Amino acid sequence: MAEITKSQHSEWSSRFAFILAATGSAVGLGNIWKFPYITGENGGGAFVLVYLLCIVAIGIPIMIAETMLGRRGRQSPINTMSILADEAKANKNWHTVGWMGIITGFLILSYYSVIAGWVLSYVFKALTGSFSGGNGETISALFTDLMASPVQQIFWHTLFLGATMLIVARGVQGGLEKSVRFLIPTIFVLLVLLVGYAMTTGYYQQGLDFLFKPDFSQIDSDAVLVAMGHAFFTLGLGMGAMMVYGSYLPQHVSIAKTTLIIAGADTVIALLAGLAIFPLVFANGLEVSAGPGLIFQSLPLAFGNMTGGWLFGLLFFVLLFFAALSSSISLIEPAVAFLVENKKIKRTTACIVMGLMTWILGVIVALSFNVWSDVTFFGQGIFDLLDYITANLMLPIGGLCIAIFAGWIMKSKDSAHELAMEKPQFYALWKFLISYIAPFAVIIVLLKGVGVLG
Ligand code: TRP
C-alpha cells in the first residue's frame, strides 16, 4: 500500500530538515527580486493585497495538497500521480501533471539561473567596492553595463547552474539539506537591518503607503493574474517541487502545520524586502516600475552610502545567492528524480543531461537582454514571455490539476489519513478550500487574465 512505501531516494532526517529544505525552496529570488519589482509594476498596495489573498486562499491549501500527494506516492511527480490515480481508480493520464511540472521547472530554472547569475556578479561588484559613494546614476550604470554584456551574463549563469547541478548530483541529504540551515535566519536578520536603514531615508512612510495602501484603480485582471502566478512562484507550487520534497517526508510529520510555517516565513521575507526597497526607490527618485533591475538599482545605493555598507552589501548578495541556490535545486529535482527512477540512469548523468539543456535555454535568455532584445513574441521579449507563460499560466494550471485531484479524485479517507489533522474541522476547512475555493478562483483568474472572460 502506498502509505507504507518509502522513497527510493532517501528521507529527510527530521521534520526540521524538511522545513529547512522547503523554506529554502520557497524563499529565493521570488521574494527579494521578483516580488518588489512586480509590485512596483502593478501599482503597489492593491496588488500586494491580492497577492496575500492568493497565498491564503489558494497557495496554502494547494501547498498542503501537493506535499500530501507527494508523501503518499513517494516517487517523482510523474510516478506519484500514476500510483495515486491507480489507488483512486482514476484515469492514468493524471501523470501528465507530473510531466508538465518537469517541463515547467526546467523552463523556470533557465531564466532563474540567469538572474541568479546577476546576483553572483553583484557579489563581486560588492567585493571590489563598486557601490561605494554611488548615486542613482552610477549605480544604474553598473546594471546597464551588465545587461549589455552577453559574455558576463553567460559566465555568471554558467557558474550558478554548475553550482546547482553539483548540489543536486550529491542527492537529497548530502546536498539539499545542509545548504539551508543558516541561510533563512541570516537573510531575515539582514533584511530587518536593511528595513532599519530604509527608515533613516525619510521616505519610509511613502514606502509603507505604497505597499499597504490599496488603490484598486491601479490593478486590472492581468495584474490579478500576475499576483496569483506569483503566489505559486514564491511558494514553489504547481510543478511538483513540493511533491518531490513531500515524498522524502517521514510519515509522522504534520503536513498542514509545517506548510503554515513555511508560507508564513516566505511571506514575511517578501514583505520585508518590499519595506527595505521602496523607501530607497523613492528617496533616490528611481522609478517603481523599473522592472527586473529594481533591486539591483536600489539596494546598492544603500550599501554604497552607509557605514559598513561594503561588508553589508557583500553579505546581502552572498546570502541572496544561497537563497537562489536552495530554490533552484527544487526546480530541477523533479526532473532528476524522474530520470533516475524511469530511465535507470545515474543521478550524476541525469544532472548532466538536465544541466546542459537548462544551460542552453539560459544562454538564450541572457542574450534576450542585449543582442536579441528586439526579438519579441506577442509584444514581449524572450525573458518576459518565458516568465509570463511559466509563472502565470503553467504553475496555476499545474496547481489547478493538483487541487482537483486532491479535492475530487482522491478518496477522502486517503487524504484524511495522510494529513492526519488534529481536529476534524481543520480537515473540513482544507477540503472545502481545495475542492471549491482554490480551483474556482484559479479558473476565474486565469480566464479573466488571458481575456477569455472579457
Ligand atoms: N520559490 C522560489 C522563489 O521564490 C522559486 C522556486 C523554487 C519555484 N521552486 C519552485 C517556483 C517551484 C515555482 C515552482 O524564488
Side-chain angles (χ1 to χ4, degrees), residues 20-39 51 54-55 58-60 62-63 66-67 70 76-77 97-98 100-119 160-161 164 167-168 176 179-180 183-184 187 191 226-246 259 262-263 265-274 292 295 319-337 358 386-402:
L20 282 175
T23 313
S25 160
V27 175
L29 296 175
N31 307 62
I32 294 168
W33 159 74
K34 195 174 180 190
F35 172 71
Y37 101 72
I38 56 177
T39 298
Y51 151 80
C54 289
I55 294 277
I58 303 174
I60 291 175
I62 293 186
M63 194 162 179
E66 188 173 332
T67 313
S76 76
V97 177
M100 198 178 76
I102 284 181
I103 296 168
T104 313
F106 149 73
L107 293 176
I108 294 180
L109 183 58
S110 72
Y111 69 82
Y112 203 84
S113 172
V114 173
I115 312 291
W118 299 356
V119 172
F160 180 83
L161 194 61
T164 301
I167 296 184
V168 177
L176 308 197
S179 43
V180 205
L183 191 68
I184 306 297
I187 289 209
L191 281 173
V226 175
M228 181 179 78
H230 188 63
F232 282 96
F233 187 94
T234 191
L235 294 176
L237 297 182
M239 52 72 64
M242 287 310 298
M243 219 184 267
V244 172
Y245 278 19
T259 298
I262 297 161
D266 185 80
T267 308
V268 168
I269 291 192
L271 295 177
L272 282 177
I295 66 157
L319 283 169
L320 187 53
F321 160 73
F322 280 110
L325 201 56
S326 64
S327 297
S328 63
I329 49 191
S330 80
L331 283 164
I332 206 68
E333 175 68 17
V336 170
T358 314
L386 252 183
D387 177 49
Y388 191 90
I389 293 180
T390 51
N392 302 343
L393 305 180
M394 292 175 85
L395 293 178
I397 292 172
L400 175 63
C401 295
I402 288 168

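As the structure lists them, so they are numbered: ligands from 1, and atoms in each ligand from 1. Predicted model, so just to flag it, every value in this text is computed and none were measured.
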Q: Quick check against the 3.5 Å criterion: does Ser330 have a side-chain atom that pairs as donor or acceptor with the backbone of Ser326?
A: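 Not confirmed, Ser330 side chain does not pair with Ser326 backbone.
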Q: Does any N/O atom on Ala241 come nearer than 3.5 Å to any N/O atom on ligand 1?
A: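 Min N/O separation from ligand 1 is not below 3.5 Å for Ala241.
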Q: Do any heavy atoms of Trp33 fall under 4.0 Å from ligand 1?
A: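 So Trp33 does not count as touching ligand 1.
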Q: Quick one: which of Gly240, Gly236, Ala323, Ala270 has a heavy atom closest to atom 8 (C) of ligand 1?
A: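 Among Gly240, Gly236, Ala323, Ala270, the closest heavy atom to atom 8 (C) of ligand 1 comes from Gly236.
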Q: Can you tell me if Trp33 uses its side chain to pair, donor with acceptor, with the backbone of Pro292 under 3.5 Å?
A: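 Yes, because the side chain of Trp33 sits within donor-acceptor range (under 3.5 Å) of the backbone of Pro292.
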Q: Less than 4.5 Å apart, any side-chain heavy atom of Phe160 and any of Val119?
A: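 The answer is no, as the side chains (C-beta and beyond) never meet within the 4.5 Å cut-off.
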Q: Any N or O on Val27 sitting closer than 3.5 Å to an N or O of ligand 1?
A: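 It does not: no N or O of Val27 is found under 3.5 Å from an N or O of ligand 1.
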Q: Measuring only between side-chain heavy atoms, which start at C-beta, is Thr234 closer than 4.5 Å to Tyr51?
A: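 They are in side-chain contact.
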Q: May I ask you to identify the nearest protein heavy atom to atom 15 (O) of ligand 1, giving residue, atom name and distance to one decimal place in Å?
A: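 Scanning the protein heavy atoms, the shortest distance from atom 15 (O) of ligand 1 goes to Tyr112 OH, 2.5 Å.
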Q: Please could you name the atoms of ligand 1 that Leu29 approaches to less than 4.0 Å, counting only its heavy atoms?
A: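 The list of qualifying atoms is 15 (O).
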Q: With a 4.5 Å cut-off on side-chain heavy atoms, are Pro334 and Met239 touching?
A: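 They are in contact (side-chain heavy atoms under 4.5 Å apart), so the answer is yes.
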Q: For Gly28, counting its heavy atoms only, list the atoms of ligand 1 lying under 4.0 Å from any of them.
A: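 Heavy-atom distances to Gly28 below 4.0 Å select 3 (C), 4 (O), 15 (O).
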Q: Heavy-atom pairs closer than 4.0 Å: do any link ligand 1 to the side chain of Thr104, the backbone, both, or neither?
A: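 Neither; no heavy atom under 4.0 Å.
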Q: Would a distance-only check, ignoring hydrogens and angles, find a side-chain to backbone donor-acceptor pair under 3.5 Å from Glu66 to Gly238?
A: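 Present.
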Q: Where does Ser25 meet ligand 1, judged by heavy-atom distances below 4.0 Å: at the side chain, the backbone, both, or neither?
A: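 Both backbone and side chain.
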Q: Under 4.0 Å from any heavy atom of Leu331, which atoms of ligand 1 are there?
A: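 Under 4.0 Å from Leu331, ligand 1 has these atoms: 7 (C), 8 (C), 9 (N), 10 (C), 12 (C), 14 (C).
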Q: Looking only at distance, does Ala26 have an N or O less than 3.5 Å from an N or O of ligand 1?
A: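 Yes.
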Q: Under 3.5 Å, is there a donor-acceptor pair between the side chain of Thr390 and the main chain of Leu386?
A: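 Looks like yes, one N/O pair under 3.5 Å.
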Q: Can you report which non-hydrogen protein atom sits closest to atom 11 (C) of ligand 1, along with the distance?
A: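 Minimum-distance protein heavy atom for atom 11 (C) of ligand 1 reads Phe233 O, 3.2 Å.
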Q: Decide yes or no on side-chain contact (heavy atoms from CB on, under 4.5 Å) for Lys34 and Leu29, but give the supporting numbers first.
A: CA-CA 6 Å; Lys34 195 174 180 190; Leu29 296 175; 6.0 Å; no
Q: To which protein heavy atom is atom 9 (N) of ligand 1 closest, and what is the distance rounded to 0.1 Å?
A: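 Of every protein heavy atom, Ser330 OG, 2.8 Å lies nearest to atom 9 (N) of ligand 1.
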Q: May I ask you to decide if the ring planes of Tyr112 and Phe233 are parallel, tilted or perpendicular, using 30° and 60° as cut-offs?
A: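 Correct class here is tilted.
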Q: Is there any N or O on Met239 that sits under 3.5 Å from an N or O of ligand 1?
A: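 No, no N or O pair falls under 3.5 Å.
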